[in-house]
Amino acid sequence: MTTMQKLLQLPVNAVNIVKTVQSQVQGQEEDKSPVLTPDGGQQTWYNALQPDELRHLRSGGSGGGFGGGGGGGGGGDQEERAVLEEGGGSFQNQPLRHDDLKEMLDSNKDSLKLEAMKRIVAMVARGKNASDLFPAVVKNVACKNIEVKKLVYVYLVRYAEEQQDLALLSISTFQRGLKDPNQLIRASALRVLSSIRVTIIVPIMMLAIKEAASDMSPYVRKTAAHAIPKLYSLDPEQKDQLIEVIEKLLADKTTLVAGSVVMAFEEVCPERIDLIHKNYRKLCNLLIDVEEWGQVVIINMLTRYARTQFLNPNINESLLEEGGEKTFYGSEEDEDEDDEDKDKKAEVATMAKRKPYVMDPDHRLLLRNTKPLLQSRNAAVVMAVAQLYFHLAPKAEVGVIAKALVRLLRSHSEVQYVVLQNVATMTIKRRGMFEPYLKSFYIRSTDPTQIKVLKLEVLTNLANETNISTILREFQTYIKSMDKDFVAATIQAIGRCATNIGEVRDTCLNGLVQLLSNRDELVVAESVVVIKKLLQMQPEKHSDIIKHMAKLIDNIQVPMARASILWLIGEYCEHVPKISPDVLRKMAKSFTNEEDIVKLQIINLAAKLYLTNSKQTKLLTQYVLNLAKYDQNYDIRDRARFIRQLIVPTEKSGALSKYAKKLFLALKPAPVLESPFKDRDHFQLGSLSHLLNAKAGGYQELPDWPEAAPDPSVRNVEVKESVPEWTKCSSREKRKEKKVEKPFYSDSEGESGPTESADSESDSANGSESVSGSEVSGSGSESEESEEGSESEEEEEEEDEEKDKKKKKKELKKKPVQESESEQSSEEEEEERKHERKSKPRKSDSETESGDEEESESESSQSESDESESEAEVKKKKKAAQSKPPAKPVKTDGKKEKKEMSLLDLDDFEPAPSPQVTPVNSFLSSSLVTDLEGLSLSDSVLSPATIAPSSALKSYELLHRITGEGLSVEYCFSRQPFSPDANMVAVQIQFTNNATSDTKNLHMEDVKLQSGMRVKEFPEIELLPAGETTTAVMGIDFCDSTQAANFQLCTHTRKFFVSIQPPVGELMRPIFLTENEFKKEQGQLMGMNEITERLTLDVKCRNEHTIVQRVTTAANLSRVPCGSDKECSPPVPPPPPDHPVHRFAGRTVTSSSLVLVTVATKEEGAAQLTVNCEKMVIGTMLVKDILQALTQ
Amino acid sequence: MIHSLFLINHTGDIFLEKHWKSVISRGVCDYFLEVKEKAVEPENVPPVLQTPHHYLISIYRDKLFFLSVIQTEVPPLFVIEFLHRVADTFQDYFGECSESIIKDNVVTVYELLEEMLDNGFPLATESNILKEMIKPPTILRSVVNTLTGSSNVGDKLPTGQLSNIPWRRAAVKYTNNEAYFDVIEEIDAILDKSGMTVFAEIQGVIEACTRLSGMPDLTLSFMNPRLLDDVSFHPCVRFKRWESERVLSFIPPDGNFTLMTYHVSSQNLVAIPVYVKQNISFFETGSCGRLDITIGPKQTMGKMVEGLMVTVHMPKAVLSVNLTASQGNYTYDLATKVLVWDIGKLNPQKPPNLRGTLSVQSGAPRPEENPALDIKLKIQQLAISGLKVNRLDMYGEKYKPFKGVKYMTKAGKFQVRT
């Protein structure tokens, strides 16, 4: 249409007319056999534009006839119809047809009116003008038939603005409608009244809105909320009165109204943030039950609100990280030196000083209540929550949104487009968040180009030293794509990877040079441009590439590429002294036929060569300058003139020519290839403005965090006695209860951890902590926020409690978290509760908790406790896992271990850390991590004996006391997941200062690693007093090899060369597999990947426990349950009890390759050991180690 | 928020317009049409465009563009998601969402749009509510309406609008109470030339069809919920219950709906049900190439692989193909250069094979990239992740419903690079 329009120079309307006529003629043809169309009734009105029925009417035909509908008219009809259709768009014939419609509207029969209205609406839908029917239509506004009425409303809303006077005729009907007993009629009357944009009735509208805002029916109130922005846009003068209404509606307690009124708030008075205070907690609590669209609006508004009211949780980011780790070590110290209470208190005091940030409970409330919405089916809701977390959550918690956003990538391509834009922005700020999902951004050849380019952007942003090889391999595939725009984008992406990651620069460059021989010119051109940028970084190394490119100038025709090559040769003419003059010669020859940008570069090249090699190029340069002098383009003429003056010495030439060399051959800084998404995050994510990277109309800036938090008490509300309205309906109430409930393990799973990481120094017993503590437990919170739900909460929790009693196991697994909670609460409280507990053990929920707290306390004081043995065992176990090994770690831990083994089958145990839930991004203390993990496993249906306990930690010597001049260092593999990076093995280092003087500034330096390996250094230990011992944790990514990590251990005086070499068994982490899964995986790892050894078991180690223990000591694997497999279908007949088969499973830490170990026992201690592992080297070494462990 | 909506067919004709605020001239669409002309494929039209006075947000569905006009800041996904909901509603009402069906039902469409938005803000988007207000057209109803003069528009406020369970109609009654759940899993995978898996994951969805009287409260539990890594739910599912107990507890909507979608945790290896051996090559000299594709079963868990279909987007230079298929038929569309090989059931004894020559436009350079193969397949009665529904319980109602669960595995975005 556009082309046609341009050709004919017609206005849009004219084209439309032509088109309408065409389509009508078409329609007419289709129409000839309407009887055949399956849907007669619908067909009828579609015929509405056809006049044959009208003809019936005019000739007094029966009205009911239209059911049989526009039956095939005779020849006469056809003619008449044709005439009318022609006139459809022209003015002359219009009255005629509309007369018929008017006639129908005036009739007494509703069915006729309906028919007429349907035709009129169809005209409106097609964008045809039906305004002259206004008087006839408006008469029917009071029609009894609801469908007619609705269609009249549709018409009115469309045309009232144009016919204001006539529209007034309908007002009284609506006013009557506003008083109707039927809420639907009241609402729709208000809706239409507010939708007809007639300025005269503003006062009436205002009155109606005010009245409706206090209507009984929430639906009418919702409609009132919708009416507010309509009135505001009609008459902004009314703002003050409208704000009053908004204020009133904001206080409404129904979910139905919430979304609409916030919408009105956003359109009318987004700056009046103070109106939200009193409703903040209510909105947070209702959020989950508001309809999806309302959720989006509310979440966006609350993001802004939170930015004005709360403190930046990441404000002392660096301090926090550092502090977080310190605490971790600190807490360990506490445990080790429990008796030395003084030390502990001193420590606590310093921490309290260092740590000013405590998250406002309301801030936490918002984060907690929006989190489940990440599971919404509505992409807009997910995005809204994601941006809320991105802008408001502490760094450690933002990670949760990645998974949800990646999920949206499965949706429609438009959704993908928007999500990828936002992900691209996020990846610049928080790369780690999306790293685990790298593969989800791989490109398929069927993706639309715009999606491909965005995915490429994300992949580039995610590239780092470790994953670059995989990414480059992907890019290699993309380069061969048929979609050339995409190939060009890929080449640019490679260029960016190469600039960002120095290690791969040469590889990338070589790859790009190879592309220069590609047959596609676009590809070559793009490569040239990118190579140019890369070479600029280190030109001296690559003169042969420059030569190669010089040769290309004969073949490449794309101007940008030619210009780039010329620039490169000119810039680095010293590296290619022989070739460059020749290139200039060729270019001088073709100068007149070149594009402008090439010409400019030829001039540049000539100038530079003249300055460096004037002997050979003087004449050529002058020739080129002469050619340029008469060029058509003034830019080129100017440039030539300017350069001639500058470089060619004449008597007149000024002072500048002396500096010509400096001007032209100055060292140019290498270009920085930046992502176009850099700094986009100053726009609120997910907004239109962010997408366009420009401020859209009505965009509300996301304010910066306040320096000091405004008074939080503004959000307090007086509690009203009355039951909130929404709990009246019984079925709803039930649902409500479920929603508001805070089952404490799920909550603490999700939130307690992060809370603590944010307030990680909260071991101290100061009062403020009790706030967050109570928040976690979900009861006892003093803020009235919980008023609404508190009753049901307690009930729920009691229910939970009952369940818990039934499943003691679960409860025990939960304990770790509660224990960590308890660390927060004050000692006095504990004292009080202790008494309580003694009198009636475990009656209500809160008391249970207190019990747990008490337990933990007793643990910390290492006093004798009257708890059941199993519980004590759990804790000891836990402690063993957490704490650094004491003076003689191997021995003592080993003993504990054995004691536990016998209890294992009877009671519960601490599950080994599972890799599934390791928070990749968080700097949680590692004890907390294990707590969380234990917790997450508690949801599962594991039978107790499935996972082997983590074994005694064997420690190795890093530095002997004598070589270390009094400093002795030992390390052990703690087998905890290393929280900052899941691919690293955690190494726990214990420093003991045996010297008489203090050691200061213990830190690492000069790390020497094999390629691919990485180290996360332990934080510097500032002071190690004489005779003291301290521990630190570092992470090493060994790349699944047993290569040693070499580094220097430095004190303030000395440096020691040390190295850490892992036993192969420490390069893996346990995973949980069922027996069937195990066998399935084993079946896939046959042949070369399977290593079998026969052995005779040591006499001492023929029972099951010993075998399990020895294997798990040798390697960090978890046991596969046998026989007790409930999950998979066909029950495998258990092997004869005398000769059990033991299976163990794990994955290597870096590459996640499966490691499967089978020990099949036979008669008289004979056994067969089988190791299946993709990595053959690891397999072989593992066999050796396990063999040794079992036979020694 | 959403100011106006235009429906545009793939040739660029605007065949429907609806304004929720004051009228915007359809001239605004010209900006869009211009971009559309430039983009060769309709998928490549950016969903968000900026014009001097408006923003245009569009989706492309079923060969139609739904173009909405925006004047002020609004989250783009909000609009996109809503437009898709509109298209879904049309689909739901009329069985398909095409230009002709929308033109045929223009009044119903208009009534729907009127109800779905008020002043540009979504009002009622749940299909159950809409259906109470505006009845979907059926032949029977239109006949009855013409005879009795009753209308398609309800005169009562749908109960759902007022409750906290807006997705469910009140007073539902069935003589046969049934609840069916289809667990459908899709394998998304990229295999490289040598058949190695570059990337594979399982995405699942549970489609439900419930015809239950009254207000049933259902609880669905899985044998192995730990498999589920990432989930998204229909609003009816109670989040907290899932978080704490890993069961789905919900009051279902009436009729068909998507209960949940899930992603199977990446810890588990994905079983790839078929292997593909392919060899597509173009000769340097002479204008022809060779194609040889064989598909065989790999990890099918003993189930039959059905509905096997291979789609190849050939390079533009390929003029025609001359192939023989040992099983099934193939078609080659000359205009779009798409080769489709419809195999049907996979015979494990005799893996189907397609081979022959490709003739390339003479003079054209040898295509440098080999086309990727898109594979479609279906395996009945198998959820490839091993997910199993444990039980379904109903509370709140007395009767015993008939319950059924069906499993199916499909190939999602399953691509073999060559």
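These numbers were taken from a predicted model, which means no experiment stands behind them.
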* **Top contributor to chain A interface from B:D192, B:T125, B:T261 [non-hydrogen pairs under 4.5 Å]** => B:T125
* Asked: Any sub-3.5 Å donor-acceptor pair from A:R407's side-chain atoms to B:V231's backbone N or O?
  -> yes
* Who among A:Q387, A:K695, A:E161, A:R377 has the most heavy-atom pairs with chain B under 4.5 Å? -> A:R377
* Of the backbone (N, CA, C, O) and the side chain (C-beta and beyond), which part of B:V198 lies under 4.5 Å from a heavy atom of chain A, both, or neither? -> both
* Roughly how far, to the nearest 0.5 Å, is the CD atom of B:E201 from the NZ atom of A:K439? -> 10.5 Å
* Sort A:M482 into side chain, backbone, both or neither according to what part of it lies under 4.5 angstrom from a heavy atom of chain B. => both
* Structure fact -> Of B:H234, B:K21, B:K316, B:H84, the largest count of non-hydrogen pairs under 4.5 angstrom with chain A goes to B:H84
* What part of A:V296 is in contact with chain B, defined as an atom under 4.5 angstrom from a non-hydrogen atom: side chain, backbone, both or neither? -> side chain
* For A:E474, all residues meeting side chain to side chain donor-acceptor pair (under 3.5 Å), sequence neighbours excluded -> A:Y478, B:R417
* Asked: Where on B:K193 is there a heavy atom nearer than 4.5 Å to chain A: the side chain, the backbone, both, or neither?
  -> side chain
* Toward chain B, the part of A:T446 with a non-hydrogen atom under 4.5 Å -> both
* Region of B:W20 that comes under 4.5 Å of a non-hydrogen atom in chain A -> backbone
* **Heavy-atom proximity to chain A below 4.5 Å, by part of B:L373** => neither
* **Nearest heavy atoms of A:G127 and B:R26, plus distance in Å** => CA-NH2, 3.7 Å
* Asked: Under the 3.5 angstrom rule, does the side chain of A:E414 hit a backbone N or O of B:Y60 as a donor-acceptor pair?
  -> yes
* Could you tell me which portion of B:Y110 (side chain, backbone, both or neither) has an atom closer than 4.5 angstrom to a non-hydrogen atom of chain A? => side chain
* **Contact leader toward chain B among A:S689, A:A404, A:A227, where contacts are heavy-atom pairs under 4.5 Å** => A:S689
* B:D374 with A:R444: basic N within carboxylate O range, under 4.0 Å -> no
* Any side-chain heavy atom of A:K222 sitting closer than 4.5 Å to one from B:L123? -> yes
* Option in B:E41, B:Q203, B:E43 with maximal non-hydrogen atom pairs under 4.5 Å from chain A -> B:Q203
* With respect to chain A, which residue among B:I59, B:V109, B:I190, B:T72 yields the maximal number of heavy-atom pairs within a distance under 4.5 Å? -> B:I59
* Do A:R191 and B:E115 sit within salt-bridge range, that is, some charged N less than 4.0 Å from a carboxylate O? -> yes
* Non-hydrogen atoms of chain B under 4.5 Å away: do they reach the side chain of A:V124, the backbone, both or neither? -> both
* **Backbone N/O of A:A379 and side chain of B:E81: donor-acceptor pair under 3.5 Å** => yes
* Does B:R85 pair with A:E292 as a salt bridge, N-O distance under 4.0 Å? -> yes
* To do: Counting only heavy atoms closer than 4.5 Å, note whether B:I80 contacts chain A via side chain, backbone, both or neither.
  => side chain
* Could you pull out the closest heavy-atom pair between B:E73 and A:Y699, with the gap in Å? => OE1-CD1, 3.4 Å
* Structure fact -> Bottom line for A:L151: the part with an atom under 4.5 Å from chain B's heavy atoms is side chain
* **chain B contact via A:K149 - which portion, at a heavy-atom distance below 4.5 Å** => neither
* To do: Using a cut-off of under 4.5 Å on heavy-atom pairs, state which of A:N422, A:V154, A:V157 scores highest against chain B.
  => A:V154
* Which of B:Q50, B:K18, B:E114 touches chain A most, by non-hydrogen pairs under 4.5 Å -> B:E114
* Proximity breakdown for A:V406 and chain B, heavy-atom pairs closer than 4.5 Å -> neither
* State plainly whether the residues A:R410 and B:E186 are in salt-bridge range, i.e. N to O under 4.0 Å. => yes
* What are the two closest heavy atoms between B:V48 and A:L692, and how far apart are they? -> CG1-CD2, 4.0 Å
* Structure fact -> The reported gap from OH in A:Y442 to CG in B:D188 (rounded to nearest 0.5 angstrom) is 15.0 Å
* To do: Select one option (side chain, backbone, both, neither) describing which atoms of B:T258 are under 4.5 Å from chain A's heavy atoms.
  => neither
* Structure fact -> Closest heavy-atom pair, A:S687 versus B:P76, reported as atoms and distance to 0.1 Å, is C-CD, 3.6 Å
* To do: Under 4.5 Å heavy-atom distance to chain A, tell me which part of B:M260 shows up: side chain, backbone, both or neither.
  => neither
* To do: With a 4.5 Å cut-off on heavy-atom pairs, point out which of A:S1152, A:S376, A:A696, A:G698 contacts chain B the most.
  => A:A696
* Region of B:Y55 that comes under 4.5 Å of a non-hydrogen atom in chain A -> side chain
* Asked: Going by heavy atoms in the side chains, are B:F239 and A:L373 under 4.5 Å from each other?
  -> yes
* Asked: NE2 of A:H412 to CG of B:L77: how many Å apart, nearest 0.5 Å?
  -> 11.5 Å
* To do: Using the test side chain to side chain contact (heavy atoms under 4.5 Å, CB included), find all partners of B:A372 that sit at least two apart in sequence or belong to another chain.
  => A:S445, B:Q415
* Proximity breakdown for A:R158 and chain B, heavy-atom pairs closer than 4.5 Å -> both
* To do: Select, from B:I57, B:L16, B:V79, B:L83, the one with the greatest count of heavy-atom pairs under 4.5 Å involving chain A.
  => B:L16
* Asked: Between B:D230 and A:K403, is there a side-chain N and carboxylate O pair less than 4.0 Å apart?
  -> no
* To do: Evaluate the ring planes of B:F121 and A:H226, with Trp represented by its six-membered ring, and classify them as parallel (under 30°), tilted (30 to 60°) or perpendicular (over 60°).
  => tilted
* To do: Work out which heavy atom in B:P46 is nearest to a heavy atom in A:Q450; give both atom names and the distance.
  => CA-OE1, 3.2 Å
